[in-house]
Amino acid sequence: MSSLRLDKTYDPKSVEARWYRTWTERGYFHASTSHPGQPYSIVIPPPNVTGSLHVGHALNHSLQDILIRWRRMQGRNTLWLPGTDHAGIATQNVVEKQLLSEGLSRDALGRERFIERVWQWKAASGNTIIEQQKQLGESCDWDRLRFTMDEGLSKAVVEVFVRLFEEGLIYRGERLINWCPRCLTALSDIEVEHEEVKGKLFHIRYPLADDSGLSLVVATTRPETMLGDTAVAVHPDDPRYRHLIGRKVRLPLTRREIPIIGDAVLVDLEFGTGAVKITPAHDFNDYEAGERHQLPRLAIFDHQALLDPASLASARVEDDIIAAIARLPVSKARPKIEQALSDRGMLVKVEDHKMSLGKCYRCKTVVEPYLSPQWFVNIKPLAEPAIRAVEDGSIRIIPEGWINNYLGWMRDIKDWCISRQIWWGHQIPAWYCEQCNERFIHKQTSTDAAGNAILRITLLQGATPVVARAAPAACPQCGGQQWLRDPDVLDTWFSSGLWPFSTLGWPEQTPELKTYYPTSTLVTGLDILFFWVARMIMLGLKFMGDVPFRDVYIHALVRDAEGQKMSKSKGNVIDPLHVMHQFGTDALRFTLSSMASPGRDLKLAEERIEGYRNFANKIWNAARFSLMYLEGPRLSKPFAERPFADRWILSRLNTAIRTVTTELEAYRFDRAANALYHFIWHEYCDWYLELIKPTLQNPAHPDGPATRQTLLDTLETTMRLLHPFMPFITEEIWQTIPHEGDSIVVQRYPMPNDAWDAPDAEQRFLLLEQAVSLVRTGRVLLSYPPGQQIAFALAHDDAEKQRQLQQLQPHLAHLSRGTPEIASQPAWPPAQRLRLVTEGLTIGLVVSGDVDLKKALDRLVKQREDQDKDMARLTGKLDNQDFVAKAPPEVLAEHRMRLRSLEHDQAMLSSSEQQLRAFLKA
RNA sequence: GGGCGGAUAGCUCAGUUGGAAGAGCGCUGCCCUUACAAGGCAGAGGUCACAGGUUCGAUCCCUGUUCCGCCUACCA
């Protein structure tokens with residue numbers, strides 16, 4: 001027996017796990033290609049396999065589950081495909097940290113044992129997030145759980161790589177790339193986070209080499225890179241310097257002379273001194289300038305961003321300088337260089353300067369531009385169709401505001417560096433014949449601090465790879481059998497870019513692919529629009545010939561109550577599991593959906609969740625109340641013959657159904673949730689249940705059977721309407737009340753029923769609500785004890801409404817706990833000294849006993865003053881000739897009506913006020 | 001530097017063809033009324049950032065200003 005009949009409070013813990021188990025055991029979430037419905041599919045943004053559920057996931061997943069449950073109930077063939085991402089650098093970092101705490105390193109372990117270790121870690125902790133997703137109630141098809149390094153998905157990765165290579169869309173080349181000196185790997189442009197910092201601009205004197213005594217002063221934010229300068233640029237039109245182009249300067253601290261060149265692209269006449277040092281090996285702009293002018297590239301840092309003595313020597317840096325800075329990191333070397341320059345009088349000045357610093361998105365280490373051979377995707381040919389798909393509406397981005405962001409980025413896209421010098425990931429399917437490439441393969445052996453041998457293989461620029469689906473047998477050039485596989489792995493986003501089709505079986509032509517591709521909707525946060533969404537669009541169009549999804553819904557980022565980004569170090573993290581445990585999963589889900597308004601950050605405070613826990617409890621008790629009275633006979637009458645209150649609530653329910661459906665179609669989860677909240681709490685509970693109490697509590701009431709039926713219909717329908725948002729409590733209640741079917745999960749979603757629209761009942765209700773509220777106000781003003789009946793008379797200046805009030809008299813009496821008398825104005829009994837008025841409705845309250853009428857008078861005066869203001873404004877408008885002449889007639893009529901109504905109210909108010917004053921005087 | 005978005009009640013935010021300022025939470029007062037005190041009822045609180053413009057009329061449209069976010073960028 002359900003606890004619904006017993007417990008006054010809803011206990012989520014006793015409900016959630018039980019129903020989730022039932023749902024999965026019965027296979028409700030399993031998608032079948034033979035399902036007759038129109039397909040509706042979503043692939044989940046795969047969370048990091050070793051991660052755990054944070055509140056951002058909770059939002060993202062709740063919204064997807066709402067869509068999926070809603071579409072499933074609509075009879076669609078739904079698939080929500082779950083999975084996890086191997087998250088290359090992030091996961092490798094986690095495991096490396098573990099090793100460090102054991103005194104080990106990845107180098108000490110070696111590649112194979114390290115990867116094995118990561119797999120172990122995945123086996124141990126990879127299911128954490130899956131289990132947490134289940135606690136959130138996610139209706140994923142767990143039979144189709146995928147992992148980006150599954151055999152099938154890995155096959156897809158190789159296939160895509162090989163095909164792109166064969167088409168010339170993937171190439172290997174030595175370029176200046178972003179390099180993380182801590183992770184020791186290349187990064188793509190978007191994996192670098194830019195942060196504005198206060199830096200310094202150093203002005204350094206470079207003397208001309210001809211002993212003329214002249215010099216050029218260059219400005220730089222990174223003085224240490226000057227040791228790798230290979231030219232100085234000035235603007236070709238700069239009258240200050242243009243005559244110097246072609247001459248040379250002596251590079252301070254070195255024994256080198258470097259040319260002065262003219263370059264209009266690099267040099268901005270307005271900035272700094274107008275002379276720019278060029279370090280092609282350590283700056284992206286300088287790199288390009290170096291390309292333009294065939295300048296040599298002198299790298300002076302090694303892969304850990306330490307100043308490398310050998311490189312410094314070959315850059316002919318003075319020996320004492322080398323000795324001072326060898327093996328130092330940039331931050332330590334900079335002051336030494338500054339000092340050396342200053343000592344030699346070469347430092348002209350130093351000024352403060354705002355600059356942006358690139359940091360690794362995984363470990364926040366400052367990223368260095370680094371010259372190395374890497375693999376790239378030639379991205380322009382892929383980007384063009386992806387731009388068109390959004391422009392022509394094949395893909396809708398919601399909210400639309402992000403479209404320009406997407407298009408802007410795509411139009412300006414740079415080649416994608418896809419190789420990473422880490423071990424955890426898809427190893428690049430490229431092999432090098434050791435014999436043919438002998439001079440390009442560098443094997444370096446060294447030992448780490450613990451004495452472990454470390455083998456570092458570098459494949460220099462010029463090595464010729466064989467790209468293939470499997471290791472080649474013999475070299476086509478020399479017949480050699482010795483192959484060295486490229487040690488690099490692919491960017492983790494390369495495999496997630498294939499997610500919408502690799503998870504459905506591609507490259508095989510599976511029935512799943514045929515049924516569920518393109519997927520219907522992608523739900524994601526803005527932070528991975530470029531990392532992931534853009535890549536999926538490009539690769540989906542390329543390999544499937546169709547878009548990967550029709551709609552992209554972009555939701556906000558979750559922040560804390562102060563708007564701060566949640567982070568462990570700040571200690572402001574809201575743990576969804578903790579919250580679910582404390583307030584219930586449904587409360588958390590409802591909170592997140594109700595706050596998911598588009599385009600804004602979402603500030604989450606625990607109080608909000610608590611508020612929706614109360615909502616769940618309210619629903620629970622409404623259901624308890626209903627159950628108490630559902631025992632008796634029920635009778636389904638034609639709608640027109642049902643009692644007033646029943647017709648009213650069904651009409652309101654109809655509106656709620658329409659609103660929720662329309663808003664979900666528009667991805668306005670917030671509005672849909674708010675409509676549900678308002679309907680359930682303020683219409684169903686506050687008014688409907690109160691209205692029908694007299695009927696239900698009187699066993700002989702003639703309306704009993706019909707009302708019991710409506711009560712059940714409304715509750716049952718409301719549970720279905722709410723189910724996608726609050727799956728657990730709705731199932732528990734639905735199962736307990738009379739119902740047909742096995743589970744609410746597979747019931748039909750409510751449809752509006754036009755026959756239930758009852759504008760007459762709605763209009764009457766508004767009248768009733770107005771009257772009841774007015775009496776209640778009077779009760780408070782007159783300090784009537786709650787239990788005491790209050791006597792009052794009421795009148796409406798509209799005869800029809802006056803008549804309706806008479807019909808509503810029993811409801812009026814019950815809801816106001818009073819004895820109403822429908823009096824025709826203006827014959828008010830003398831005892832009724834307090835009159836309250838609103839919009840033509842006047843209520844005269846009988847003052848009994850000794851009450852303080854001062855409060856009542858204050859209120860009357862205040863109301864009259866407010867109305868005076870309104871009337872003045874209205875009269876002013878209506879006296880305005882332009883307004884009368886130019887405003888639309890319906891607006892004019894409305895204004896005039898309002899004024900008449902105000903005049904009536906005003907008359908009643910002032911007569912009541914006079915009466916009250918007279919009484920108070922006496 | 002460029003782009004986008006925001007500024008409405010104490011807080012978080014709704015408010016689309018321009019025509020009487022809304023919700024939730026919080027706050028105040030009264031109530032443990034037979035579904036619910038995780039509740040009910042009543043109430044207080046806003047020159048819709050600022051300055052102009054268009055209009056009979058502007059929270060809404062236009063221009064400018066200030067402040068705050070975010071994205072993006074090669075001014076060393």
I need the [atom1]-[atom2] distance between [X] and [N], as an integer number of Å.
X: A:Asp412; N: B:rC74; atom1: CG; atom2: C1'; value: 11 Å
X: A:Phe883; N: B:rG18; atom1: CZ; atom2: C1'; value: 13 Å
X: A:Leu557; N: B:rG5; atom1: CG; atom2: C1'; value: 14 Å
X: A:Lys877; N: B:rU55; atom1: NZ; atom2: P; value: 17 Å
X: A:Asp686; N: B:rG39; atom1: CG; atom2: C1'; value: 10 Å
X: A:Leu892; N: B:rA20; atom1: CG; atom2: C1'; value: 14 Å
X: A:Lys869; N: B:rU47; atom1: NZ; atom2: C1'; value: 12 Å

One thing to verify: whether [Y] and [X] come together as a salt bridge, which I'm taking to mean a side-chain N less than 4.0 angstrom from a carboxylate O.
X: A:Arg297; Y: A:Glu291; answer: yes
X: A:Arg668; Y: A:Glu663; answer: no
X: A:Glu338; Y: A:Arg334; answer: no
X: A:Arg608; Y: A:Glu610; answer: no
X: A:Arg896; Y: A:Glu894; answer: no

Taking the six-membered ring for Trp, are A:Trp179 and A:Tyr370 parallel (under 30°), tilted (30 to 60°) or perpendicular (over 60°)?
tilted

Searching all strands shown, indicate the nucleotide that pairs with [N] (Watson-Crick or G-U wobble; both distances under 3.5 Å).
N: B:rC61; result: B:rG53
N: B:rA14; result: none
N: B:rG29; result: B:rC41
N: B:rC48; result: none
N: B:rG1; result: B:rU72
N: B:rA7; result: B:rU66

Check this for me: does the side-chain of A:Arg613 come within 3.5 Å of the base of B:rA38 through a donor and an acceptor?
yes

Check this for me: does the side-chain of A:Lys8 come within 3.5 Å of the base of B:rC36 through a donor and an acceptor?
no

Give me the distance, rounded to whole Å, that separates [N] from [M] when you measure between the [atom1] atoms they each carry.
N: B:rA44; M: B:rC25; atom1: C1'; value: 16 Å
N: B:rC48; M: B:rA58; atom1: P; value: 12 Å
N: B:rA49; M: B:rG15; atom1: P; value: 15 Å
N: B:rU16; M: B:rU59; atom1: P; value: 13 Å
N: B:rC71; M: B:rG39; atom1: C1'; value: 46 Å
N: B:rU66; M: B:rG52; atom1: C1'; value: 15 Å
N: B:rA9; M: B:rG53; atom1: C1'; value: 29 Å
N: B:rC4; M: B:rU63; atom1: P; value: 11 Å

Return no unless some side-chain N or O of [X] is found under 4.0 Å from OP1 or OP2 of [N].
X: A:Arg779; N: B:rC41; answer: no
X: A:Ser773; N: B:rA42; answer: yes
X: A:His895; N: B:rG19; answer: no
X: A:His194; N: B:rC71; answer: no
X: A:Trp681; N: B:rA23; answer: no
X: A:Asn405; N: B:rU72; answer: no
X: A:Tyr784; N: B:rU33; answer: no
X: A:Lys354; N: B:rG1; answer: no
X: A:Tyr629; N: B:rA35; answer: yes

Have a look at [X] and say if it touches a base, only the backbone sugar-phosphate, or nothing, with a 4.0 Å heavy-atom cut-off.
X: A:His353; answer: sugar-phosphate
X: A:His682; answer: sugar-phosphate
X: A:Asn404; answer: nothing
X: A:Leu266; answer: base
X: A:Gly274; answer: base
X: A:Glu606; answer: nothing
X: A:Pro888; answer: base

When you measure from the side chain of [X], which nucleotide among [options] comes out closest?
X: A:Lys862; options: B:rC75, B:rG45, B:rA42; result: B:rG45
X: A:Cys685; options: B:rA38, B:rA73, B:rA35; result: B:rA35
X: A:Thr777; options: B:rA44, B:rA35, B:rA42; result: B:rA42
X: A:Lys693; options: B:rA38, B:rA35, B:rU12; result: B:rA35
X: A:Arg898; options: B:rA73, B:rA20, B:rG24; result: B:rA20
X: A:Glu196; options: B:rA73, B:rG15, B:rA76; result: B:rA73
X: A:Phe530; options: B:rA35, B:rC71, B:rU16; result: B:rC71
X: A:Arg668; options: B:rA73, B:rG39, B:rG15; result: B:rG15
X: A:Ser597; options: B:rC56, B:rU16, B:rC13; result: B:rC13
X: A:Arg608; options: B:rA76, B:rU12, B:rG19; result: B:rU12

Report yes if some heavy atom in the side chain of [X] is under 4.5 Å from a heavy atom in the side chain of [Y]; otherwise report no.
X: A:Met226; Y: A:Pro223; result: no
X: A:Val267; Y: A:Asp238; result: no
X: A:Asp352; Y: A:Lys200; result: yes

Select from A:Asp286 and A:Gln697 the residue whose nearest nucleotide in RNA chain B is closer to the 5' end of that strand.
A:Gln697

Of A:Asp870 and A:Gly401, whose closest RNA chain B nucleotide lies nearer the 5' terminus?
A:Gly401

Single hit among A:Tyr612, A:Phe725, A:Tyr684 for ring-ring contact (aromatic ring centres under 6.0 Å, His included) with A:Tyr677:
A:Tyr612

